[in-house]
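So the structure is just underneath, and the comments pick up after that.
Lettering of chains follows the sequences in order, A, B, ..., and the numbering in each one begins at 1. Bear in mind the structure is a predicted one, so any value in this text is a computation, not a measurement.
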Protein chains: 2
Amino acid sequence: MSNIREVARRSGVSVATVSRALKDPQMVSPRTRERVLKAVEEAGYRPNLLARNFSSGKSYAVMVLVPNIANPFFSRVIRGIEKAAQDQGYSVLLGDTKGDSSNEQFYAGMALTNQADGVIQLGSRYPFAEKDANLAASVPLVNACERIVEDDRYPVVELDNHGAAQEVARHLMKMGHRRIGVITGPSQSPIVRDRLSGFSEALKKRGLELDPEMVVHGEFTMTSGQKGAETLLSTHHRPTAIFCMNDEMAIGAVHQVKRMGLRVPEDVSVTGFDNIEFSQFTDPPLTTINQPAEELGRYAMETLRLIIDGKPLKSSRTILPFELVERESTGPCSYK
Amino acid sequence: MSNIREVARRSGVSVATVSRALKDPQMVSPRTRERVLKAVEEAGYRPNLLARNFSSGKSYAVMVLVPNIANPFFSRVIRGIEKAAQDQGYSVLLGDTKGDSSNEQFYAGMALTNQADGVIQLGSRYPFAEKDANLAASVPLVNACERIVEDDRYPVVELDNHGAAQEVARHLMKMGHRRIGVITGPSQSPIVRDRLSGFSEALKKRGLELDPEMVVHGEFTMTSGQKGAETLLSTHHRPTAIFCMNDEMAIGAVHQVKRMGLRVPEDVSVTGFDNIEFSQFTDPPLTTINQPAEELGRYAMETLRLIIDGKPLKSSRTILPFELVERESTGPCSYK
DNA sequence: GTGAAAGCGCTAACAT
DNA sequence: ATGTTAGCGCTTTCAC
């Protein structure tokens, strides 16, 4: 592997000039530039970015903490992050945390040893170990999709979860549903709270109360959606519709509804959230909320970049718009 | 951010001793060690790994090229890679290539500038630009899941695709199917060729010929699976079973079979490949081939590590076992 | 426009 | 067991 000195030697200039010719071409004369580039070619030279980064004190990498990389919604967010990162000359380090705080601390900790210039947390936890909080205070951190619990020090890029859940409620009520079950995510998650409050608020506006028996907690997995549906449908007074807080759980719920000999949507309507691609191919296709996943990622990366560069943020909270996608998993309430 | 000199000053020893106390504790006396650790604590010191890596000439990062990060099968492979990487002190750089060769070249190129110590290619292409081939020759590269076309210079970790496709064929023939359609992936892909040859070989053994009209090419997406099924089912003599080369296409195919008023499996059996989690929740659940995805990833990372460290490989080709998972999307042939 | 040289933070060879 | 120092490859002042 040839280095900058080798190129300097070959082109008969100093290393400084080579450095300039490559990073700031108009700083050197056309003739030298040409000679340098020729030497670069001949030597098969590639700058050692490890050295460059070390020298500049930056890694030009961002650490992305993702609760579950197998969730297609997060995949799309990551796509958005990556695209934006590439545009900005940054690389993406992947940290699949499985929602585990020790994993989060491990990966986020890499920003403390200069392996990443910033962190994008897609989960809802403050990702650093408490004992590292002092050091971590200076690490650029952006929170996307979720919102870090009890902490508004960090910019967040998220959906109008409250509004989206309201929209779902309105959609179901418009179809005549009055007893609606909800399969949430983990109860401590801020988005779960937002969606739950939006949902019950919309119900209240129409004089309906959210029966606690109609709220079960899932874990954003298909299995938990299936179990949740089983619980809801085994109640004495079963719901005619189920609002699932993500598409995976909705897929599990639809599965269970059918297993219990009921039809979707004739007997039970089911809604999802996220609009992952699979939601179009279930039977029936899911009514769901579309999240602009790639944009969430892009905004998160762009925001992080501003922080890294010490530039001012227009706002510490970016809310992206949702969209209700009506498909065939919801229909008129046939009960009574 | 305090550095090693600061710690040296605080503990009254030299930087070398601090370095040793941290990297090789038993090289310094217990008393000094203690003093150093105390100083580290007080100073809130974290080693600058950018500097350490630069100094050692290694990035301790691997670049993973993935054709489509939204494909849950690849997600699981990445999980396996990441786990193994973490165990070995490596970080994972993500390169979502979308199957695009310019993306592959961009991301793989990061290994040429010392930003990654090696590359894991999950796609089937030689990832470097031809003009970089000379430089790239020294970059550790492992191919997983797919096999790099026309090039056996690189170790590969893959499934027995030929055998798995045979197994699918045998399963369908056992159920009485004699006219079977196939929805493949891109025709240049080696795994597609392997599976196709295994499939037709098994057919031949039972005196059946694979009708070219029964082979359509998909792109490993649900939409292409849907289209493929439409094509196959619109033929004059339609198949009673369809072998899809991944689960997404099978999901699309099932969707289309139903849309055409046919039943799965009563009228048409459908099989998938990969055993992604969604395959359990389709209606009906998919008969498919289980791939040990995480293990594929783990082996790939371990193999790459051996190459990086210049250690000998036991074999340049690791074949992992498959398993046929029988679910309800396949059933006895009812035709004639 | 170009060169000389310091310095980024760490490791490791060498000296003691 | 510990200190001194060169050096990793690059960027960036500071002179000229």
Side-chain angles (χ1 to χ4, degrees), chain A residues 1-40 43-61 89 110-117 135 138, chain B residues 1-40 43-61 89 110-117 135 138:
Chain A
M1 202 68 178
S2 67
N3 59 21
I4 200 171
R5 270 200 317 281
E6 162 80 2
V7 175
R9 200 184 52 68
R10 281 176 185 259
S11 50
V13 298
S14 70
V15 294
T17 301
V18 174
S19 177
R20 288 190 274 253
L22 295 175
K23 279 203 66 170
D24 232 334
Q26 74 276 29
M27 268 187 78
V28 306
S29 80
R31 277 204 21 241
T32 352
R33 181 161 61 235
E34 209 173 312
R35 275 210 317 231
V36 169
L37 292 181
K38 186 156 159 283
V40 164
Y45 170 74
R46 293 303 158 95
N48 180 337
L49 262 51
L50 225 49
R52 175 180 294 181
N53 291 346
F54 163 59
S55 181
S56 70
K58 298 188 23 172
S59 66
Y60 290 97
M110 291 176 61
L112 300 174
T113 52
N114 296 55
Q115 295 183 92
D117 294 341
L135 291 166
S138 61
Chain B
M1 202 67 179
S2 66
N3 59 23
I4 200 171
R5 270 201 315 282
E6 163 80 3
V7 175
R9 199 184 53 69
R10 282 179 185 256
S11 49
V13 299
S14 71
V15 293
T17 302
V18 174
S19 177
R20 287 190 276 253
L22 294 177
K23 279 201 67 169
D24 233 333
Q26 75 276 31
M27 268 187 79
V28 306
S29 80
R31 278 204 19 242
T32 353
R33 183 162 60 234
E34 209 173 311
R35 274 211 315 233
V36 169
L37 293 182
K38 186 156 158 283
V40 163
Y45 169 75
R46 293 303 160 96
N48 180 338
L49 261 51
L50 224 49
R52 176 181 293 179
N53 292 348
F54 162 60
S55 182
S56 71
K58 296 186 28 168
S59 66
Y60 290 98
M110 291 176 60
L112 300 175
T113 52
N114 297 57
Q115 295 181 93
D117 294 341
L135 292 166
S138 61

Whole-Å distance separating the [atom1] atom of [X] from the [atom2] atom of [N]:
| X | N | atom1 | atom2 | answer |
| --- | --- | --- | --- | --- |
| R9(A) | dG9(D) | CZ | C1' | 16 Å |
| R35(A) | dG1(C) | CZ | P | 15 Å |
| D24(B) | dG3(D) | CG | P | 16 Å |
| R52(B) | dT11(C) | CZ | P | 4 Å |
| N114(A) | dC10(C) | CG | P | 9 Å |
| E34(B) | dT2(D) | CD | P | 13 Å |
| I4(A) | dT12(D) | CD1 | P | 11 Å |
| M27(B) | dC14(C) | CE | C1' | 12 Å |

Decide whether N53(A) and S59(A) meet the rule of one side-chain donor and one side-chain acceptor closer than 3.5 Å.
-> no
Looking at the side chain of [X], which of [options] is the nearest nucleotide?
| X | options | result |
| --- | --- | --- |
| V13(B) | dG9(C), dG3(C), dG3(D) | dG3(D) |
| P47(B) | dC8(C), dT11(D), dC10(C) | dC10(C) |
| R5(B) | dC10(D), dG9(C), dT13(D) | dG9(C) |
| S29(B) | dT11(C), dA1(D), dT4(D) | dA1(D) |
| F54(B) | dG9(C), dC10(C), dG3(C) | dG9(C) |

At less than 4.0 Å, is any side-chain N or O atom of [X] found next to OP1 or OP2 of [N]? Yes or no.
| X | N | answer |
| --- | --- | --- |
| N48(B) | dG9(C) | no |
| S19(B) | dA12(C) | no |
| S55(B) | dC10(C) | no |
| T17(B) | dG3(D) | yes |

Sugar-phosphate only, base, or nothing, as touched by T32(A) at under 4.0 Å among non-hydrogen atoms |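 Since only primed, P, OP1 and OP2 atoms lie under 4.0 Å of T32(A), the category is sugar-phosphate.
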What nucleic acid atoms does S56(A) come within less than 4.0 Å of, heavy atoms only: base, sugar-phosphate, or nothing?
->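 Here S56(A) touches no strand at all.
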Find the distance between CZ (R5(A)) and OH (Y45(A)) and round it off to the nearest 0.5 Å.
->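 If I round to the nearest 0.5 Å, the distance is 10.5 Å.
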Check: dG3(D) base within 3.5 Å donor-acceptor of R20(B) side chain =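 Counting by modelled atom types and ignoring angles, a donor-acceptor contact under 3.5 Å is found here.
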Are any non-hydrogen side-chain atoms of L22(B) and V40(B) less than 4.5 angstrom apart?
-> yes
Mapping R46(A) and V15(B) onto DNA chain D by nearest heavy atom, which one lands closer to the 5' end?
-> V15(B)
So V28(B) and V36(B), side-chain contact (heavy atoms from CB on, under 4.5 Å) or not? Walk me through it.
-> CA-CA 10 Å; V28(B) 306; V36(B) 169; over 6 Å; no
Side-chain donor/acceptor of R33(B) to backbone N/O of P25(B), under 3.5 Å |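 Indeed, once roles are kept as given, a pair shorter than 3.5 Å links the two residues.
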Worked check of salt bridge (charged side-chain N to carboxylate O under 4.0 Å, His left out) between E34(A) and R31(A) = CA-CA 5 Å; E34(A) 209 173 312; R31(A) 277 204 21 241; over 6 Å; no
